Amino acid sequence: GGGGDQLGSDKAGDSPAPSKVTSITVGSADFSESQLLAEIYGQALAAKGIEVKKKPNIGNRETYMAAIKDGSVDLVPEYTGAALAYFDKSSTETDPDKAYDALKKALTPGLEVLDKSPAADEDTIVVTKATADKYSLKSLGDLKGKNLVAGGSSEFKVRSAGLKGLKEKYGVEFKEYKTLDAGGPLSIKALTDNQIQVTNLFTTQSVIKDQGLVQLDDPEKILPPNNIVPLIRTDHKSDDVVATLNAVDAKLTTDALTDLVKRIDVGKESADAVAKDWLSKNPLT
Amino acid sequence: MTWIGDNLGLIWEQLREHLYLAIVPVILGLIIAVPLGYVATRYAWLANPLIAFGGVLYSLPSIALFIVIPAVLGTKVLSTVNIIVALTIYTVSLLIRNVIDGLRSVPPDVRQSAIAVGYGALHRVIAVDLPIAVPVIFTGLRVVTVANISMVSVGAVIGIGGLGELFTLGFQKDFLTPVVVGVVLSLALALIADLILVTLQRVLTPWARVATPVAEVA
Amino acid sequence: MWEYLTDSFNWSGNEGIWARIVEHLWYTFAALGLSVVIALPIGLRIGHTRRGAFLAINLGNAARALPSLGLLMIAVLLTDQIGFLPVLIALVALGIPPILASTYAGLSGVDAATIDAARGMGMTGREILTKVEIPIGLPLIISGIRSATLQIVSTATIAALVSLGGLGRYVVDGLKLRDFPQMFTGALLVALLAIALDALFALIGRITVSPGLKIG
Amino acid sequence: MIEFEDVTKRYPDGTVAVDKLSLRIPSNQITVFVGPSGCGKTTSLRMINRTIERTSGTISIDGDDINGKDAVTLRRGIGYVIQNAGLFPHKTVVENVATVPKLIGWDKRKAHSTAMELLERVGLDVKLAERYPAQLSGGQQQRVGVARALAADPAIMLMDEPFSAVDPIVRHQLQEELLRLQRDIGKTIVFVTHDIDEAIKLGDNVAVLRVGGKLAQFAPPAELLANPADEFVRGFVGQDRGYRALTFVHPEALPVKPLPDELALQDGVPLGWRNGSEELLPVGSVFKRGDSLRAALDAVLTSPTGCGVCVDDNGKAVGVIDQATVAEALRS
Amino acid sequence: MIEFEDVTKRYPDGTVAVDKLSLRIPSNQITVFVGPSGCGKTTSLRMINRTIERTSGTISIDGDDINGKDAVTLRRGIGYVIQNAGLFPHKTVVENVATVPKLIGWDKRKAHSTAMELLERVGLDVKLAERYPAQLSGGQQQRVGVARALAADPAIMLMDEPFSAVDPIVRHQLQEELLRLQRDIGKTIVFVTHDIDEAIKLGDNVAVLRVGGKLAQFAPPAELLANPADEFVRGFVGQDRGYRALTFVHPEALPVKPLPDELALQDGVPLGWRNGSEELLPVGSVFKRGDSLRAALDAVLTSPTGCGVCVDDNGKAVGVIDQATVAEALRS
Ligand SMILES: Nc1ncnc2c1ncn2[C@@H]1O[C@H](COP(=O)(O)OP(=O)(O)OP(=O)(O)O)[C@@H](O)[C@H]1O
Ligand SMILES: Nc1ncnc2c1ncn2[C@@H]1O[C@H](COP(=O)(O)OP(=O)(O)OP(=O)(O)O)[C@@H](O)[C@H]1O
Ligand SMILES: [Mg+2]
Ligand SMILES: [Mg+2]
């Protein structure tokens with residue numbers, strides 16, 4: 001989909017980075033990990049005396065990108081590869097560092113990314129153990145000619161890190177694609193009910209381990225690297241904001257993230273509380 | 001249940017936003033629908049097209065309207081204005097019919113007397129027609145208020161939905177509690193709003209709830 | 001949007017516009033049918049006996065306040081299903097109140113003298129209901145079903161939120177992808193469908209309602 | 001005969017609408033219930049077809065307690081006419097009239113043709129048969145109501161203020177038609193009104209009820225006017241009672257005098273009174289031989305010459321009567 | 001004086017409701033418009049306060065063309081009463097009555113106290129002042145309507161079938177009250193009715209209109225009864241015309257005979273007629289000295305002895321009159 005750029009992008013002008021920021025609005029996407037990261041960023045900034053407003057749960061990438069472009073929010077947690085695919089649809093970078101550099105270049109003026117975190121949450125394409133056994137699936141290429149039903153987000157259907165790439169790189173086509181959600185409960189439910197056999201999840205989702213789902217290998221690298229990175233409006237990029245967020249990201253690890261997300265999704269704790277807990281255990285000096 | 005205790009702040013925040021998003025359009029809608037309805041009773045040929053057009057507007061899916069509006073108005077995508085404008089449109093499109101019906105419900109002999117005692121046109125509308133139309137207008141007002149309160153939640157799909165955000169929040173986690181809390185609070189809000197409107201209507205129309213005629217006193 | 005609509009590719013196939021319209025109509029009529037089956041007999045009973053009106057009307061009003069989206073999600077979580085059933089539940093909850101209320105209103109609006117005359121000439125309760133109350137209350141009954149239809153048609157859009165098809169697919173996909181032409185197309189088609197169904201009910205009303213009720 | 005024996009109706013809220021009413025309503029006559037608003041007229045009437053059930057006492061028709069019958073069957077044998085007719089707005093005139101015949105299982109054609117006959121009988125143009133009630137005037141609707149009640153040829157007709165919603169002129173016509181119709185059909189009619197004039201005009205017998213549902217007097221109208229049972233009845237039959245009572249004085253044959261020369265005639269029909277000038281003076285009202293003293297008095301009072309003109313059934317003058325004669329008759 | 005000169009009203013659909021009406025309505029009297037339904041009574045009336053605008057002709061009040069004035073100002077100076085009173089359902093009784101005074105800018109207190117006075121004047125209990133119209137009976141509503149119309153003390157009152165929706169007994173009361181009130185206030189009242197009896201009772205003058213909006217006759221009621229202008233008027237004034245006309249015959253002083261012994265009295269008030277038995281026979285209706293011949297005749301007709309009792313203003317018997325005397329009076 002394209003049309004998003006026509007929205008309010010004019011407002012994200014080339015205003016210079018301010019020396020001091022008193023207030024910042026942190027947004028997030030409509031899944032737990034994004035909300036958790038937004039909480040962590042927000043609480044860390046608040047600890048530095050910045051007034052933080054929250055706009056959690058805005059929606060999918062296309063939706064929250066529109067929001068940060070028109071200034072509805074100033075900061076969102078992003079993922080390098082996915083964001084790059086959003087800003088540069090033709091990009092095929094599979095190396096984490098190169099992808100990060102490419103993203104920096106591809107950004108719309110007025111938006112910037114800070115340091116990327118070692119923590120990453122990769123896209124992964126999964127099937128149930130039963131399905132894997134039945135069709136002896138190991139890698140994405142094995143899906144070819146199996147006439148399975150896939151399901152997932154609306155975006156997955158049109159991205160190169162999705163059906164497009166599967167078809168181009170592996171020649172895989174599905175009998176049908178059911179539009180559900182981005183690694184959310186619908187997709188998981190549909191998968192476990194065998195209404196769909198293939199879906200797109202994220203590596204930090206505990207459900208993969210809990211349900212014994214099988215992640216298919218991606219030798220052709222259609223799925224991009226996805227290190228966590230804050231996407232911020234230049235007009236809110238003051239030094240102390242940069243320092244704080246970079247410090248947070250440096251401490252995050254993939255494993256820690258996986259645990260924290262599990263506490264939210266399975267333990268039903270609030271993102272707010274889990275973030276506070278993590279920050280207290282990992283004080284930022 | 002502990003979830004509720006842990007998230008009281010969030011719930012309260014969403015409740016306030018929900019109320020704001022639902023009520024402001026009702027007020028705006030009323031302010032727009034009344035003069036519009038009056039015009040439609042003055043120029044009778046306008047009434048049916050207006051009511052029909054209202055029906056069409058009302059059948060536009062709310063999600064679509066919520067997203068179309070920033071594109072049309074140039075408002076920010078997360079601005080509450082989008083929801084308010086959309087719901088105002090719904091309010092007007094529903095209320096217009098009741099305003100017209102209400103103004104038409106003024107008994108002809110009452111209207112005749114009002115003209116004959118020497119009310120000017122505008123004065124008559126304000127002092128006689130509108131007060132008498134109140135019960136019918138309020139019937140519509142109650143329906144739209146309740147409908148708005150229920151519809152605000154849909155805004156959650158684009159990130160501004162008051163209690164609706166509890167729905168998406170819970171739903172993502174396959175977690176019933178927030179969804180139920182959202183539904184219950186939304187329901188409660190609607191019922192309370194309805195109760196307030198009924199009370200308001202009773203206060204405004206003491207004449208409409210009086211007893212049946214008493215026996216002839218010779 | 002025009003481009004989207006005029007692209008013939010978008011019309012055919014099982015993800016094409018025609019297929020979506022058929023799906024949308026299927027959700028609508030299934031929900032409407034079930035709403036009628038539930039609400040009509042209750043409304044008729046209350047209207048005929050004039051008992052329980054207070055309860056039914058207030059319950060009906062309260063049901064109007066149920067947010068469809070929340071209801072849908074609860075239905076999904078409780079039935080532990082994605083698909084048709086939860087959508088049906090949410091839409092039926094939407095369809096019942098207007099049908100119930102207007103059926104009751106239609107029957108209770110029948111002139112008491114008319115019913116008195118019917119009883120006085122020896123009609124049984126059932127005869128009064130079928131020969132007098134229903135035909136006279138029909139305009140209102142139909143208008144109740146009509147407004148239920150409008151609401152269901154417009155709300156059936158949310159079926160797409162839980163993976164079903166229908167015209168909501170365009171609206172929801174359009175929303176996710178910020179694909180405005182697609183979304184407008186969906187919204188417009190829903191509105192057109194609503195208008196078409198409305199016209200259909202107007203026609204049904206014209207055919208079934210006695211001309212004697214339309215005079216004056 | 002319909003017989004009320006000690007019939008009482010107490011509504012659930014405690015209102016005693018009818019209190020120990022005992023009454024015999026003769027067959028093939030018109031019996032009118034009259035009384036002030038709320039005196040229990042409607043309640044009494046509706047207990048007859050059991051659309052209201054009595055609290056105690058017995059009502060019997062030709063000796064059979066009506067409670068012994070199925071209410072629906074009972075009602076199908078009793079015609080019922082109410083104010084504003086209570087017509088079915090969704091049925092055409094002829095369908096309205098054919099309702100009961102169809103209910104009791106007549107075939108459509110027979111029901112339809114009976115209905116058409118009845119429409120004519122009650123004085124309605126058959127062209128109106130396919131109209132809907134909303135397209136009729138009040139008086140026409142009332143006629144349809146009567147036709148509908150007659151459709152299954154019931155022995156009994158109950159009529160509850162049937163003519164009170166139409167204007168005085170139409171009411172007058174409807175009353176005349178009812179009397180004419182009754183001469184043909186001779187039903188047992190129970191008629192409710194609050195208009196004493198209507199009661200006097202229509203009733204073979206009049207039952208005057210007082211508020212609280214007690215019978216104040218049951219008598220033929222002449223008797224009622226001449227001897228009101230008490231102050232209540234006297235008050236109710238009202239002003240001009242004496243004059244009204246003349247309606248029931250039929251002096252055997254008032255001595256009629258031959259036609260005077262001043263009365264101009266055309267083919268025997270009186271045209272006016274000559275008074276020397278070109279123009280004739282108006283005749284005044286005329287009366288028929290055998291008419292009541294009321295008519296004769298009015299003829300005398302309206303005549304410019306003080307002579308009332310008596311006519312035959314064809315409207316031809318047969319004689320005149322003067323004030324002295326009327327005064328004489330009044331005296332007797 | 002209100003003067004109609006060649007006034008015509010043609011509605012947009014072509015109906016000619018009033019056709020070249022010329023008429024002078026005298027001041028400080030009651031003028032009644034009467035005629036069958038649809039004859040243009042309401043239209044004529046409403047052209048006076050310009051709630052309907054005439055098509056051609058002139059209407060003037062005291063010589064000034066009403067088109068020369070602002071319609072709203074004109075209306076505020078003319079009281080208007082209609083069937084069912086047309087009260088404002090959302091205002092209390094006293095607020096209804098105070099409407100015009102407030103409109104013309106009186107301060108609240110004065111408007112209120114005037115309204116309270118008027119309520120008393122039209123015979124309404126002031127306790128009803130704070131009620132809403134829906135809490136009043138039809139007759140009470142009608143009184144409020146009259147009070148409202150009187151509130152700004154207009155010189156002219158227009159009344160359109162004001163009493164036709166109430167029952168006959170209340171109607172009678174309202175008519176009496178209007179006459180009593182008019183004796184005090186002496187307004188120019190234009191009154192519309194389709195009831196000839198009401199017209200005769202209330203009108204100083206009666207205008208009979210025929211369908212098509214043409215004037216059939218304009219005359220005082222006695223004249224109307226005695227000399228109907230044509231068949232239409234004769235038909236309209238109806239049966240019993242002669243008897244009704246007696247209302248306007250006031251024989252100077254009927255020769256009254258001394259009270260006979262058979263009349264039982266208590267403190268001079270007649271109790272009944274002795275007829276030998278224990279019980280007294282009813283007195284019958286009584287009449288006052290100076291009453292019309294109609295009352296005297298009724299007294300004679302209702303008396304069991306043929307002697308009508310004449311009473312003074314306190315109800316004490318002053319004499320009796322017999323049938324011969326009445327017959328004599330009739331003859332003259
Ligand atoms: N369903 C009811 N419940 C309680 N009281 C009733 C009911 N129906 C009638 N009444 C009361 O019973 C009394 C007699 O009523 P009914 O209708 O028989 O009077 P009516 O003589 O026909 O009066 P009207 O001339 O006004 O028609 C009245 O006091 C009335 O208020
Ligand atoms: N607004 C109108 N448009 C067209 N014709 C009208 C209108 N108002 C009245 N008329 C017609 O004008 C004629 C006179 O009407 P009007 O109301 O003056 O009669 P009316 O004497 O007051 O009758 P009623 O006794 O029924 O009140 C009638 O034929 C009526 O149908
Ligand atoms: Mg009654
Ligand atoms: Mg009129």
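Just so it is clear, the values below take in all heavy atoms, side chains as well, and ignore hydrogens, waters and symmetry mates. Letters go in sequence order (proteins before strands), and every chain restarts at 1. This structure is a prediction, so every number in the text was calculated from the model and none was measured.
- Listed here is the closest heavy atom pair of C:D80 and A:D193: O-OD2, 4.3 Å.
- Atom CD1 of C:I82 and atom CG of A:D181 lie 8.0 Å apart (nearest 0.5 Å).
- Proximity to chain A (any heavy atom under 4.5 Å) is shown, for C:L164, by neither the backbone nor the side chain.
- Taking the side chain as every heavy atom from C-beta outward, C:V76 and A:K189 approach each other to under 4.5 Å.
- The shortest heavy-atom contact between C:L177 and A:N60 is N-ND2, 4.4 Å.
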The test is side chain to side chain contact (heavy atoms under 4.5 Å, CB included); show your working for A:T179 and C:V172 and say whether it passes. CA-CA 10 Å; A:T179 308; C:V172 171; 5.9 Å; no
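- Atom-to-atom distance recorded for C:R169:CZ and A:S154:OG is 6.0 Å, nearest 0.5 angstrom.
- Of the atoms belonging to A:Y64, not a single heavy atom falls under 4.5 Å from chain C.
- In this structure, C:K176 and A:D30 approach most closely via the heavy-atom pair NZ-OD2, 3.9 Å.
- Applying the salt bridge (charged side-chain N to carboxylate O under 4.0 Å, His left out) test to C:K131 and every residue at least two apart in sequence or in another chain returns nothing.
- The 12-atom threshold is not exceeded at CZ of C:R51, counting heavy atoms of other residues, nucleotides or ligands nearer than 6.0 Å.
- Atom NZ of A:K268 is surrounded by more than 12 heavy atoms from other residues, nucleotides or ligands within 6.0 Å.
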